[in-house]
> 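Structure incoming, see below.
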Amino acid sequence: MTPRISELGAHVGQRVTVRGWVTHVRSSGKIAFAVLRDGTGIAQAVFVKSQVPGEVWERFGTLTLETSVSVTGEVRAEPRAPGGYELGVAALEVIGASPTDYPIQPKEHGIDFLLDHRHLWLRSARQRAIAAVRSELEQAVHDFFYERGFLRVDTPILTAAIGERSGLFSTEYFEEGTAYLAQTGQLYGEAAAAAFGKIYTFGPTFRAEKSKTRRHLTEFWMIEPEVAWYDSNDNMRLQEDFVSFLVARVLERRQAELKELERDVSKLETVKAPFPRINYTDAVAILQGKGSAVQWGDDLGAEDEALLVEGYDRPVFVTNYPKEAKAFYMKENPDDPRTVLCDDCLAPEGYGEIIGGSQREDDYDRIVQRIKDEGLPMDAYGWYLDLRKYGTFTHSGFGLGLERTVAWICGLQHIREVIAFPRMMYRLRP
Ligand code: 4AD
Ligand code: MG
């Protein structure tokens, strides 16, 4: 039997073979221990000199950090051992030796060094915990929308139309001219919403942002629902239900990982719908009262967002931003035409914007005007305008940035750790 370490509890008293990597060794001369990691857990292999063949004892002496091994022995419950189980070793096979210059040693390393060795850094307990929370969230995203009757639609990554204002990556596309890597799946999501009613996309998005901040990647994953007949209020209700669902799922199933990350879970337990809503114009007044230099018309920066959510125990919506601060597709606010029917959802504890959402401009002439005003190439939007020409419809949607959400839920300072191989302005390798 070759169980994974996480399955050892079902094999107490049995002889099994475990394969994994050595993370720690120590020996008293008569008894020796090797801690093994296999990605599902950790377990301790115990070598008793008087009970194992001489060659097994010798081989123990060759084990170094990250040697891959196959260990056969009897499983015992041992509450004091890391992981709670140990193997009374009968046989040991070295599968892959690991030279003693393994780059990541149990000591402090600088962040650039760690990122250069990201392919090895992933093996740490902390990185496994982050990856497990991320994976849990990805599954929860699909469960949430599936249970609510949404269709998942996969939108193209190579596109001709531009969705957002941020930087673009481009490439030559045969005889068709320039293709841009998608900054958003939204425009295609809108077409799909007219076809299928309730949809979401979940895919990688690309922004050539020359910003070196804690919350910007050049490649990140976004979840974008788009719903026919939803107005801006319906849209915010969906967002607060969605975010509460995601947080509850991680609390329910990933306590061990949150503990590994030393996350204060009391700060997550209060994340329940409804979320407070602050109008942009009020937000500017509040921020100015707190000493911010923000002026009406500006988008809110990270510092303003952190200042605004102070004292809240759950995310906060900021609604109705000025038209100039937001993308061309947002619907004009009939109560204040300087603004649009949109919201940003700001995570608590200073994490800032995790969602941008809006009701979409559904009037043909108005959206044509907005495309012109933004200086966007009209010919790339012919198909998009058809959605307003043939049976236009009230519709709304939003985009939740997966990495920012994982960083917040895990309580991490920087989003570079929440994706296996981060892409940033100065980082294309590994
Ligand atoms: O606010 P954004 O730009 O909105 C859109 O892209 C819309 N098309 C969404 C929609 O309505 N369907 O981006 C949405 C979210 C942000 O709130 C943020 O969480 C994340 O995407 N995001 C980034 N995450 C990491 N790195 C970046 N450079 C990001 N830019 C945006
Ligand atoms: Mg935004």
Side-chain angles (χ1 to χ4, degrees), residues 134 137 141 145 150 153 155 159 161-169 180-193 198-227 230 232 234-236 238-239 242-243 246 280 298-302 304-305 315-319 321-322 325-331 340-347 351-361 384 395-409 412 414-419 422-425 427:
R134 179 185 175 109
L137 283 167
V141 165
F145 290 114
F150 284 63
V153 175
T155 54
T159 67
I162 303 165
E164 301 296 327
R165 286 173 169 176
S166 42
L168 286 161
F169 288 109
Y180 303 105
L181 297 188
Q183 299 164 309
T184 169
Q186 178 196 323
L187 307 189
Y188 297 97
E190 290 184 53
K198 300 197 280 185
I199 67 95
Y200 72 105
T201 72
F202 188 166
T205 46
F206 305 87
R207 298 192 186 179
E209 313 219 59
K210 291 197 171 146
S211 38
K212 282 175 64 190
T213 75
R214 312 193 272 125
R215 53 187 206 160
H216 285 91
L217 296 170
T218 54
E219 178 177 309
F220 63 97
W221 288 67
M222 190 159 41
I223 296 106
E224 296 182 276
E226 193 69 34
V227 191
Y230 265 24
S232 189
D234 300 324
N235 195 31
M236 281 186 272
L238 183 65
Q239 288 165 54
F242 181 46
V243 171
L246 296 180
Y280 170 86
D298 300 343
D299 203 353
L300 302 185
D304 286 324
E305 290 179 352
V316 173
F317 288 119
V318 179
T319 65
Y321 282 69
K326 293 291 178 193
F328 74 95
Y329 50 70
M330 296 189 181
K331 187 174 175 62
V340 284
L341 296 175
C342 75
D343 68 87
D344 275 4
C345 179
L346 311 183
Y351 280 92
E353 179 193 340
I354 51 170
I355 292 180
S358 61
Q359 187 170 334
R360 317 307 189 185
E361 185 55 75
Y384 185 68
H395 61 293
S396 301
F398 64 87
L400 173 126
L402 180 64
E403 287 75 16
R404 289 193 191 172
T405 305
V406 178
W408 160 50
I409 291 177
L412 308 178
H414 201 297
I415 63 172
R416 62 192 162 207
E417 271 185 271
V418 311
I419 184 162
R423 292 290 171 256
M424 295 175 284
M425 196 179 161
R427 191 158 292 280

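Reckoned from all heavy atoms, side chains included, excluding hydrogens, waters and symmetry mates. Each ligand, and each atom within it, is numbered from 1 in the order the structure gives. For clarity, every value in this text was computed on a predicted model and none was experimentally measured.
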> At what distance is the nearest protein heavy atom to atom 15 (C) of ligand 1, and which residue and atom is it?
Gly399 O, 3.6 Å
> State which residue, out of His216, Met424, Glu403, fulfils the side-chain contact (heavy atoms from CB on, under 4.5 Å) condition with Ile415.
Glu403
> Run the ring-ring contact (aromatic ring centres under 6.0 Å, His included) check on Phe145 and Phe242 step by step: do they pass?
CA-CA 9 Å; Phe145 290 114; Phe242 181 46; 4.9 Å; yes
> If you measure from each non-hydrogen atom of Thr184 to ligand 1, which part falls under 4.0 Å: side chain, backbone, both or neither?
side chain
> May I ask you to identify, for Phe398, whether its side chain, its backbone, both or neither come under 4.0 Å of ligand 1 on a heavy-atom basis?
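The answer is the backbone of Phe398.
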> Heavy atoms only, cut-off 4.0 Å: how does Glu403 contact ligand 1, side chain, backbone, both, or neither?
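Near ligand 1, Glu403 shows nothing, with every heavy atom at 4.0 Å or more.
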> From the N, O or S atoms in Glu353, identify the one nearest to the Mg ion (ligand 2).
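Output for this pair reads OE2.
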> Do any N or O atoms from the side chain of Gln183 and from the backbone of Ser166 form a donor-acceptor pair under 3.5 angstrom?
yes
> Would you say Gly401 and ligand 1 have an N/O pair spaced under 3.5 Å apart?
yes
> Just need the protein heavy atom nearest to atom 1 (O) of ligand 1, so name the residue and atom and give the distance.
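Ranking protein heavy atoms by distance from atom 1 (O) of ligand 1, first comes Glu353 OE2, 3.0 Å.
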> Using modelled atom types and a 3.5 Å cut-off, is there a donor and acceptor pairing between side-chain atoms of Thr205 and backbone atoms of Phe220?
yes
> Tell me: protein heavy atom nearest atom 19 (O) of ligand 1, and distance?
Ile354 O, 2.9 Å
> Among all protein heavy atoms, pick the one closest to atom 3 (O) of ligand 1 and tell me residue, atom and distance.
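Among all protein heavy atoms, the one nearest atom 3 (O) of ligand 1 is Arg207 NH1, 2.7 Å.
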> Once you restrict to heavy atoms under 4.0 Å, what part of Asp344 touches ligand 1? Side chain, backbone, both or neither.
neither
> Supply the atom-to-atom distance Leu187 CG to Phe328 CZ, rounded to the nearest 0.5 angstrom.
5.0 Å
> Do any nitrogen or oxygen atoms of Leu217 lie less than 3.5 angstrom from nitrogen or oxygen atoms of ligand 1?
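Yes - when backbone and side-chain N and O of Leu217 are compared with those of ligand 1, one distance drops under 3.5 Å.
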> When you measure from atom 25 (C) of ligand 1 to each heavy atom in Arg165, Arg215, Glu224, which option holds the nearest one?
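Minimum heavy-atom distance to atom 25 (C) of ligand 1 goes to Arg215.
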> Specify whether an N/O/S atom of Asp299 falls short of 2.8 Å from the Mg ion (ligand 2).
no
> Under 4.0 Å from a heavy atom of Met222: give me the atoms of ligand 1 that qualify, with their elements.
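Those qualifying, in numeric order: 6 (O), 13 (O), 14 (C), 15 (C), 21 (O).
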> Please report which non-hydrogen protein atom sits nearest to atom 28 (N) of ligand 1, along with the residue it belongs to and the distance in Å to one decimal place.
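Sorting protein heavy atoms by distance from atom 28 (N) of ligand 1 puts Glu209 OE2, 2.7 Å first.
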> If I take atom CD from residue Gln186 and atom OG1 from residue Thr201, how far apart are they, to the nearest 0.5 angstrom?
9.5 Å
> Could you check whether any side-chain heavy atom of Val418 comes within less than 4.5 Å of a side-chain heavy atom of Arg404, counting everything from C-beta outward?
no
> At less than 4.0 angstrom from any non-hydrogen atom of Gly356, what atoms of ligand 1 do you find?
1 (O), 9 (C), 10 (C), 11 (O), 17 (O)
> State whether the number of non-hydrogen atoms from other residues, nucleotides or ligands found under 6.0 Å of Arg214 atom CZ is greater than 12.
no
> Scan Val318, Asp344, Thr319, Asp343 and name whichever one has a side-chain contact (heavy atoms from CB on, under 4.5 Å) with Tyr280.
Val318
> With atom 23 (C) of ligand 1 as the reference point, say which of Phe220, Trp408, Tyr200 has the nearest heavy atom.
Phe220
> Judged by atom type as modelled, is there a donor-acceptor pair below 3.5 Å linking the side chain of Arg427 to the main-chain atoms of Pro422?
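Pair absent, no side-chain N/O of Arg427 close to backbone of Pro422.
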> For ligand 1, is there an atom lying under 4.0 Å from some heavy atom of Arg423?
no
> Of Arg404, Glu164, Arg360, Met424, which has the heavy atom at the shortest distance from atom 11 (O) of ligand 1?
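Shortest heavy-atom distance from atom 11 (O) of ligand 1: Arg360.
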> Roughly how far apart are Leu346 CG and Leu300 CG, rounded to 0.5 Å?
7.5 Å
> Taking the side chain as C-beta and beyond, is there a heavy-atom pair between Tyr188 and Val153 under 4.5 Å?
no
> Side chain, backbone, both or neither: which applies to His216 and ligand 1 if a contact is any heavy-atom pair less than 4.0 Å apart?
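Both backbone and side chain of His216 come within 4.0 Å of ligand 1.
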> Give yes if a backbone or side-chain nitrogen or oxygen of Ser358 is under 3.5 Å from a nitrogen or oxygen of ligand 1, and no if not.
no
> Which is it for Phe206 and ligand 1 at heavy atoms under 4.0 Å: side chain, backbone, both or neither?
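For Phe206, there is no contact with ligand 1 at all, from either part.
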> Could you list which atoms of ligand 1 come closer than 4.0 Å to a heavy atom of Ile355?
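Counting from 1, the qualifying ligand atoms are 17 (O).
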> So how far is it from Lys198 NZ to Tyr230 OH, rounded to the nearest 0.5 Å?
6.0 Å
> For the side chain to side chain donor-acceptor pair (under 3.5 Å) test, which of Glu361, Glu164, Gln359, Glu190 pairs with Tyr329?
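Result: among Glu361, Glu164, Gln359, Glu190, Glu164 is the only option passing the side chain to side chain donor-acceptor pair (under 3.5 Å) with Tyr329.
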